[in-house]
2 protein chains.
Amino acid sequence: MGSIADELTSILGPGKVLRDEATLAVYAVDQAPVVDYRLPAAVVLAESIDDVQATVKACAARNVPLVPRGAGTGVSGGAHASDGCIVLGLERMNRILKINADDETAVVEPGVINADLNDAAAAHGLMFAPDPASFRISTIGGNVATNAGGLRCAKYGVTRDSVLALDVVLADGSLLHTGHQTFKGVAGYDLTGLFVGSEGTLGIVVGATVRLKYLPREVHTIAAFYPDFRQAAAGVLAVGKARVQPAIMELLDGGSLAQLDELHGSDLASRGAALLLVQTDGFGAAAEADVVRKVLAAGGAVVTTETSAEAEQLVELRRNSRGVEVDDEYRVGEDVAVPRSRLVDYVAALEALAEVHDVSLKVVAHAGDGNLHPTFWIDRVNDVVDAGALRRLNTALDASIVAALEMGGTITGEHGVGQYKLRWLGLEQPEPLRQLQRRVKDLFDPSGILNPGKAI
Amino acid sequence: MGSIADELTSILGPGKVLRDEATLAVYAVDQAPVVDYRLPAAVVLAESIDDVQATVKACAARNVPLVPRGAGTGVSGGAHASDGCIVLGLERMNRILKINADDETAVVEPGVINADLNDAAAAHGLMFAPDPASFRISTIGGNVATNAGGLRCAKYGVTRDSVLALDVVLADGSLLHTGHQTFKGVAGYDLTGLFVGSEGTLGIVVGATVRLKYLPREVHTIAAFYPDFRQAAAGVLAVGKARVQPAIMELLDGGSLAQLDELHGSDLASRGAALLLVQTDGFGAAAEADVVRKVLAAGGAVVTTETSAEAEQLVELRRNSRGVEVDDEYRVGEDVAVPRSRLVDYVAALEALAEVHDVSLKVVAHAGDGNLHPTFWIDRVNDVVDAGALRRLNTALDASIVAALEMGGTITGEHGVGQYKLRWLGLEQPEPLRQLQRRVKDLFDPSGILNPGKAI
């Protein structure tokens, strides 16, 4: 009997099974920090559900681990390879099978790029609401695997809220269809919801029926600069108290503004120590924007008189700020969420941690839902790794996670646990809850071949 | 060893364990058709999580089935008693433990009445979005158990979309906390979503953290009368095509209008053969209502010039139409959902079925999400049961379910499978999917004591 790679090559043909070193290295990791670098035995680029089923069956027969992968844009290591695994790439299954404009649904293969679905939907005045920062390159399958969020989910919901039905290849290679084609449906258990966010550990999503929402015709964007971050965070609560539900409410601190200035030649940092970007949309966008401007100004903001279009450019800057990190620093970043009322306290706690551990801090937050992306960083002074600096960063990071949990928060608002955050999961979830999840995992995947060591 | 009722009385005290015939009869059934009338051994009215845990442990030790129950307003028999079971009523656990106005969340016991939570939230400009017709008397726990819908879920989501965290007593009596206090959170599997809609078959919900939405300050209501039902159904799609998302979009046919007239002395039936009620809300309500009026008029509707307040009364009539059925007819009703684009076809299919089987038809629909409540009925001419009439009704009913499934629909949009709809579940879900759900059930409840014979 040859290797699993040989067998898969003979089943699927050589064009779908890649084994060269360069490819293996590319598919060994996603965009998360690497804690345990491993090379896959081969990369399968499936082109059909049949390909996926054949791959899973071959792996099941030999007990070879399988790591499903979309575009590899995850930042928690959910697609990091296990030693000798098969990475099952779904990027070639990228057809939008149907857009049902009257039903306001779409049926897609898992490798469809989020932005491509949005472009196709926009032709009908519709949109796929989840908009992770990676939306231009990430796949719907990956969005489903991580239950991806984004900027506009306080108003439009996370990925789970847009998924009606799934086609899933189970650990034995069989194909399961869950959910319903209708907006509402309560027949049986919500297995669809169980698969969403399970990071490929319960089954491999090979198709999805998603609900589309209405593309707003009118959008108003407001940029509010503040003398300090805490006041800006208080502005978030003030908008909430005015009972306005913005589509986007992004909070950037001074460090983030300075970084944007450096990257784009803007002069944001000179205008304030914190920026709150608020976007309202829909038929009430103008009226909502008026209320937002008023309450933010009353809270000490300089609400700029720039046009909505200029403010929209700021949103674009914010949207695209990920992945352009500067290379002359050490940094660690996270994805906690806290109850909205604790935003101010949490930012204060972060600032205190940065000071105690002598590290720098920058924070951006999807403030509408209390989801923060703080980054602790230290300038890299030369090419020698500064072990003390890294230790201080990681100590501050661990403490920031604990602080979020103490405020009733979660270790991950939208990125997923993957491999990287497993070390903190026990702080959030007590053993009986984790044990129950392991039993669910065992039920779906008794041999443990589906993305082992991830998510739970 | 005494009976389970004796044991529970000695553990909990006599005030919480009811055994008189009259009480047993009341708690033997919910509001669904009764297919298999059984009396419980006793009714436990729990007052605390401890009470629930003690009850479950006692039942588990003796392998006695447990039927959890909120207000008993379900219409699928999810709370019908099993023979010799303990009905575990949660109505006394009715405290709103906390309203976090800034976080826009509430923490409630399961027996809190939906309307009571809404009243308490309204004081903060907030609302609990799920609004089943029974909202004045149904409990949050029951809403969670059935993943209840209502009138405004096309815009605001179903119960699942408003539940952030649950406290659940498992089949062994242990207490589990799932979910998160934040709007977003993706740590581990979505067990919260798995419990929602599981009808008490996986665990007993003893607490919930729910997300509250903004109570809209402005509401506009439009009443559009049509010469026939199909044109009214087409109006639903026209509103969708205009990319307006109403809060409420209710469709009533001539039979339903005649019934409302009979009950309330109105003269709706004289104004058209079908009524489409559309309610827009929020900052854009007026602008949206303008668009809705325009597209409905263009589609052949007589859009009444009555004030929004008068139209709102019609919504109230519609909202309260359940539970006031007239007693001089035989009737069977259902809760299917179809993709919105098939609404017109499905109504045509229902009309054809009514004609073929010589029965009358009336239909109301939560048209915004394709969820229909058709009723087939026959006048009751005397007190003798007309077996032929009942047969014709049930044949039409079964055929209406099949027709919905053929159009890509589901057997239940919001009422749940309970006991009553189990006979149709196999038509919607193939055996491997059902088998997987049975295995999930076995994992959570290996002895099968939690609400046996329901949901799956």
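Please read all numbers here as calculations on a predicted model, not as lab measurements. Chain identifiers are assigned alphabetically (A, B, ...) following the order of the sequence lines, protein sequences preceding nucleic acid strands; residue numbering begins at 1 within each chain.
When heavy atoms are compared at a cutoff of 4.5 Å, B/Glu288 approaches chain A by way of both its backbone and its side chain. With a 4.5 angstrom heavy-atom cutoff, A/Lys441 touches chain B via backbone and side-chain atoms both. Only the backbone of A/Ala242 comes within less than 4.5 Å of a heavy atom in chain B; its side chain stays farther off. Contacts of A/Val336 with chain B are absent, with no heavy-atom separation under 4.5 Å from either backbone or side chain. Proximity to chain A (any heavy atom under 4.5 Å) is shown, for B/Val440, by both the backbone and the side chain. Heavy-atom distances place the backbone of B/Thr146, and not its side chain, under 4.5 Å from chain A. Looking at A/Arg217, the atoms closer than 4.5 Å to chain B (heavy atoms on both sides) all sit in the side chain, from C-beta outward. At a 4.5 Å heavy-atom cutoff, the contact between A/Asp369 and chain B is made by backbone and side-chain atoms alike. Residue A/Leu443 touches chain B through both its backbone and its side chain, counting heavy-atom pairs closer than 4.5 Å. Within the 4.5 angstrom heavy-atom criterion, no atom of B/Arg434 approaches chain A.
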Exercise for review: Take B/Val291 and A/Phe283 through the test side-chain contact (heavy atoms from CB on, under 4.5 Å) and record every step on the way to the result.
Suggested key: CA-CA 10 Å; B/Val291 174; A/Phe283 284 83; 3.7 Å; yes
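Chain A forms the most heavy-atom pairs under 4.5 Å with one residue out of B/Gly240, B/Gly197, B/Pro216, B/Ala455, and that residue is B/Gly240. Per-residue counts of heavy-atom pairs under 4.5 Å with chain B were compared for A/Tyr189, A/Phe444, A/Phe183; the largest is that of A/Tyr189. Of the listed residues (A/Val338, A/Asp335, A/Leu436, A/Asn100), the one with the most heavy-atom contacts under 4.5 Å to chain B is A/Leu436. Considering only heavy-atom pairs separated by less than 4.5 Å from chain A, the leading option among B/Leu425, B/Thr412, B/Leu170 is B/Thr412. Contacts with chain B were tallied for A/Asp442, A/Leu433, A/Val196; A/Leu433 has the most, counting heavy-atom pairs under 4.5 Å. Your options are B/Thr201, B/Thr178, B/Val236, and the one with the most heavy-atom pairs under 4.5 Å with chain A is B/Thr201. With chain B as the partner, the residue from A/Arg340, A/His177, A/His180 showing the most heavy-atom pairs under 4.5 Å is A/Arg340. Interface check for chain A: of the options B/Leu343, B/Leu126, B/Thr280, the most heavy-atom pairs under 4.5 Å are formed by B/Leu126. Most heavy-atom pairs under 4.5 Å with chain B: of the set A/Leu202, A/Asn147, A/Thr105, A/Ile411, this distinction falls to A/Leu202. Contact count against chain A (heavy-atom pairs under 4.5 Å) is highest for B/Gly185 among B/Ala287, B/Ala286, B/Gly185. Heavy-atom pairs under 4.5 Å with chain B were tallied for A/Gly413, A/Gly193, A/Ser341, A/Ala148; the largest tally goes to A/Gly413.
The OG1 atom of B/Thr192 lies 11.0 Å from the CG atom of A/Leu194; values are rounded to the nearest 0.5 Å. Separating the CZ atom in B/Arg243 from the CD atom in A/Glu104 is a distance of 5.5 Å, to the nearest 0.5 Å. For the atom pair CZ (B/Arg342) and CG (A/Asp103), the distance works out to 8.5 Å, reported to the nearest 0.5 Å.
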Residues 149-158 of chain A side chain polar contacts: donor-acceptor under 3.5 Å, at least two apart:
residue  : atom : partner  : partner atom : Å
A/Arg152 : NE   : A/Ala129 : O            : 2.8
A/Arg152 : NH2  : A/Phe128 : O            : 3.1
A/Arg152 : NH2  : A/Ala129 : O            : 3.4
A/Lys155 : NZ   : A/Asp281 : O            : 3.3
A/Lys155 : NZ   : A/Asp281 : OD1          : 2.6
A/Tyr156 : OH   : A/Asp281 : OD1          : 3.1
A/Tyr156 : OH   : A/Asp281 : OD2          : 2.8

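Within the 4.5 Å cutoff, no side-chain heavy atoms of A/Gln181 are placed close to those of B/Met407.
Among all heavy-atom pairs drawn from A/Lys241 and B/Asp102, the shortest one is NZ-OD1, 3.2 Å. Of all heavy-atom pairs spanning B/Gln437 and A/Leu191, the tightest one is CG-CD1, 3.9 Å.
With hydrogens and angles disregarded, a donor-acceptor distance shorter than 3.5 Å links the side chain of A/Gln429 to the backbone of B/Ala187. In this structure, A/Arg160 contributes its side chain and B/Asp161 its backbone to no donor-acceptor pair below 3.5 Å.
Scanning for salt bridge (Lys or Arg N to Asp or Glu O under 4.0 Å) contacts around B/Arg438 gives B/Glu431, with sequence neighbours left out.
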